[in-house]
Number of protein chains: 2
Amino acid sequence: MVWRDDSGKALSDYPRPSLAVDVALLTVRFDDDGDGQLCVLLQQHDDGSASLPGSFVREGERLAEAVRRTVQGKLGLTTRDPRQLSVFDDPGRDSRGHVVSVAHVDLLPERELAGEGAWLLSPVDGTTVRVPGRRRSLRYDHDQIVAVAAGWAQQRHARRPDPSRLLDGPFTLRELRLLHEAVLGVRLQKDTFRRQMIDRLEEVPGRSSGGPGRPAAVFRVAR
Amino acid sequence: MVWRDDSGKALSDYPRPSLAVDVALLTVRFDDDGDGQLCVLLQQHDDGSASLPGSFVREGERLAEAVRRTVQGKLGLTTRDPRQLSVFDDPGRDSRGHVVSVAHVDLLPERELAGEGAWLLSPVDGTTVRVPGRRRSLRYDHDQIVAVAAGWAQQRHARRPDPSRLLDGPFTLRELRLLHEAVLGVRLQKDTFRRQMIDRLEEVPGRSSGGPGRPAAVFRVAR
DNA sequence: ACAATAGTGTCTATCAGACAATATCCT
DNA sequence: AGGATATTGTCTGATAGACACTATTGT
């Protein structure tokens with residue numbers, strides 16, 4: 001039984017914009033030196049352009065569901081804790097019609113990126129995406145979405161240690177700092193960083209070993 | 001010429017949720033003692049319930065336009081600088097069907113509230129609305145929207161003096177502090193408050209007069 | 001020994017919170 | 001004079017940034 005207004009029309013009888021979700025999936029990629037780089041996962045299109053994965057929200061579907069379905073379907077990956085960012089509503093942003101998009105962000109650890117080739121991993125400098133190839137920018141307004149997503153990730157890493165559990169198992173303060181430096185895109189001083197984080201960490205038995213220098217204590221995020 | 005996909009369907013041929021905007025219009029009401037109270041403007045319904053003003057977004061319309069139209073049409077008021085808060089997407093939040101709503105907030109000075117009776121002014125304590133009458137809460141999920149809106153206003157007033165220009169013309173630090181106390185819902189110490197704000201203010205020639213006590217310097221927001 | 005990293009001590013500048021002293025009006 | 005408010009001084013505690021010193025490893 002569908003609801004109808006005074007003129008006998010259901011909600012679906014009125015012309016209205018379509019609703020979509022776009023997802024900026026961020027990750028930190030580490031090279032052999034231990035240096036990290038914040039990256040965003042892009043879809044590569046036949047015409048050489050790139051975009052964030054996105055799709056239309058179905059009737060009765062929650063945004064979080066649409067996000068999970070999109071990431072699973074277009075990239076073959078599973079989201080962990082997608083967050084809503086903001087709504088992009090320029091009626092001309094999509095040439096197919098009036099599409100209002102709710103931008104989302106999620107942070108994935110590099111190790112969960114399985115299935116080579118289904119996506120493109122593009123570095124994010126500060127809050128700007130560097131797309132490889134001729135084209136400098138993404139389809140639609142997706143450059144803006146990446147910028148907002150990167151800013152969100154940076155705020156999130158400002159005070160809390162590894163808020164998205166990107167590190168696998170216990171870690172040293174050096175590893176934690178390299179992660180935060182990658183997300184923030186700046187160098188951090190080890191002593192200040194240590195004092196900011198130490199209260200939110202729990203020491204774990206054992207020591208780091210292998211590399212040069214004094215072995216470091218090993219921690220996990222408290223509680 | 002409408003865009004069509006491979007199966008010959010336009011975007012509007014797919015079932016999809018409706019899109020709406022809801023607006024939490026906040027203001028600060030001052031009593032004769034100079035004490036202020038953060039309030040939200042509500043629509044009163046025939047069944048005694050109350051809600052925020054809201055309406056459906058039309059095809060080709062921007063969210064900001066829908067907000068302006070809604071506030072003008074339902075309350076007879078004009079928005080100044082509406083901001084997007086977040087999206088409420090529970091498919092069951094509206095009994096008429098699947099309605100996804102983008103919550104907005106705007107702050108209006110009390111003097112711009114003309115046309116008595118078209119609305120209800122409800123005090124907000126902390127981030128909670130106190131609705132007069134039997135019912136304790138608002139329709140739909142509008143209590144949540146008010147909470148987010150109040151939190152937004154409080155963050156906005158944490159460091160910047162009168163960010164929404166609620167004060168009319170030059171003001172004393174006392175008047176500014178009473179405004180911020182009303183929005184934040186807490187008492188502020190005058191000396192600390194002065195030192196936080198003074199750098200962002202410009203002194204204006206003249207002094208306050210009339211009340212008891214030493215006349216105060218008069219300021220406006222810098223730049 | 002030397003390079004490299006870990007961990008800690010300390011100094012300075014800044015800032016919030018709190019208290020208080022002085023200044024200047026009104027009644 | 002006395003009450004009320006404005007304005008400024010000062011003390012304390014917390015914290016960020018910077019520098020440096022000691023500690024402990026591998027080569």
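Just the heavy atoms: all of them, side chains too, but no hydrogens, waters or symmetry mates, feed the values below. Being a predicted model, the structure only gives us computed values, none of them experimental. Letters go in sequence order (proteins before strands), and every chain restarts at 1.
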- For Arg187(B), answer base if it contacts any base atom (sugar-phosphate contacts may also be present), sugar-phosphate if it contacts only those atoms, and nothing otherwise; contact means non-hydrogen atoms under 4.0 Å. nothing

- Message: Looking only at the side chains, is there a donor atom on one of Thr78(B) and Glu112(B) sitting less than 3.5 Å from an acceptor on the other?
- Response: no

- Message: Has Thr79(B) got a side-chain atom pairing as donor or acceptor with Pro82(B)'s backbone, closer than 3.5 angstrom?
- Response: no

- Answer yes if the side chains of Arg156(B) and Ser164(B) hold a donor-acceptor pair under 3.5 Å, and no otherwise. yes

- Atom CZ of Arg207(B) to atom C1' of dC25(C): distance rounded to whole Å? 11 Å

- Task: For the pair Leu201(B) and Leu176(B), evaluate side-chain contact (heavy atoms from CB on, under 4.5 Å) and give the outcome as yes or no after the intermediate values.
- Result: CA-CA 11 Å; Leu201(B) 299 177; Leu176(B) 183 66; 4.2 Å; yes

- Message: Nearest to the side chain of Arg214(B), heavy atoms from C-beta on, is which of dG17(C), dT5(D), dG7(C)?
- Response: dT5(D)

- Note on the structure: Whole-Å distance, Gln189(A) CD to dA20(D) P, equals 12 Å

- Protein-nucleotide distance (Lys190(A), atom NZ; dT8(C), atom P), rounded to Å: 11 Å

- Query: Arg29(A): what forms a salt bridge (charged side-chain N to carboxylate O under 4.0 Å, His left out) with it, not counting sequence neighbours?
  - Reply: none

- Item | Neighbour count above 12 (heavy atom, 6.0 Å) for Arg111(A) CZ | yes

- Message: Side chain of Arg159(B) only, heavy atoms from C-beta on: which candidate in dA16(C), dA6(D), dG17(D) is closest?
- Response: dA16(C)

- Taking DNA chain D as the partner, which of residues 193-204 of chain B come within under 4.0 angstrom of it by heavy atom? Arg194(B), Arg195(B)

- Query: Which of these nucleotides, dA6(D), dA16(C), dC25(C), is closest to any side-chain atom of Pro215(B)?
  - Reply: dC25(C)

- Task: Give a yes or no on whether Gln155(A) atom CD has more than 12 heavy-atom contacts from other residues, nucleotides or ligands under 6.0 Å away.
- Result: no

- Item | Distance-only side-chain donor-acceptor flag, His98(A) / Ser18(A), under 3.5 Å | no

Dump the pairs, protein N or O against N or O of nucleotides 1-3 of chain C, anything under 3.5 Å, distances to one decimal.
none

- Establish, from distance only, whether the side-chain atoms of Ser55(A) and Thr70(A) form a donor-acceptor pair under 3.5 Å. yes

- Message: I need the residues from residues 166-176 of chain B with at least one non-hydrogen atom less than 4.0 Å from DNA chain D; give them sorted by number, or say none.
- Response: Arg174(B)

- Query: Taking Arg177(B) as the fixed residue, which of His180(B), Glu181(B), Glu175(B) is the one that meets the side-chain hydrogen bond (donor to acceptor under 3.5 Å, both in side chains) rule?
  - Reply: Glu181(B)

- Query: Which residues, if any, of residues 216-223 of chain B bring a heavy atom under 4.0 Å of DNA chain D?
  - Reply: Ala216(B), Ala217(B)

- salt bridge (charged side-chain N to carboxylate O under 4.0 Å, His left out) with Arg220(B): which residues, sequence neighbours excluded? Glu202(B)

- Report yes or no: does Gln154(B) contribute a side-chain atom to a donor-acceptor pair with the main-chain N or O of Val183(B) at less than 3.5 Å? yes

- Message: Can you confirm whether the side chains of His104(B) and Asp22(B) place a donor and an acceptor under 3.5 Å from each other?
- Response: no

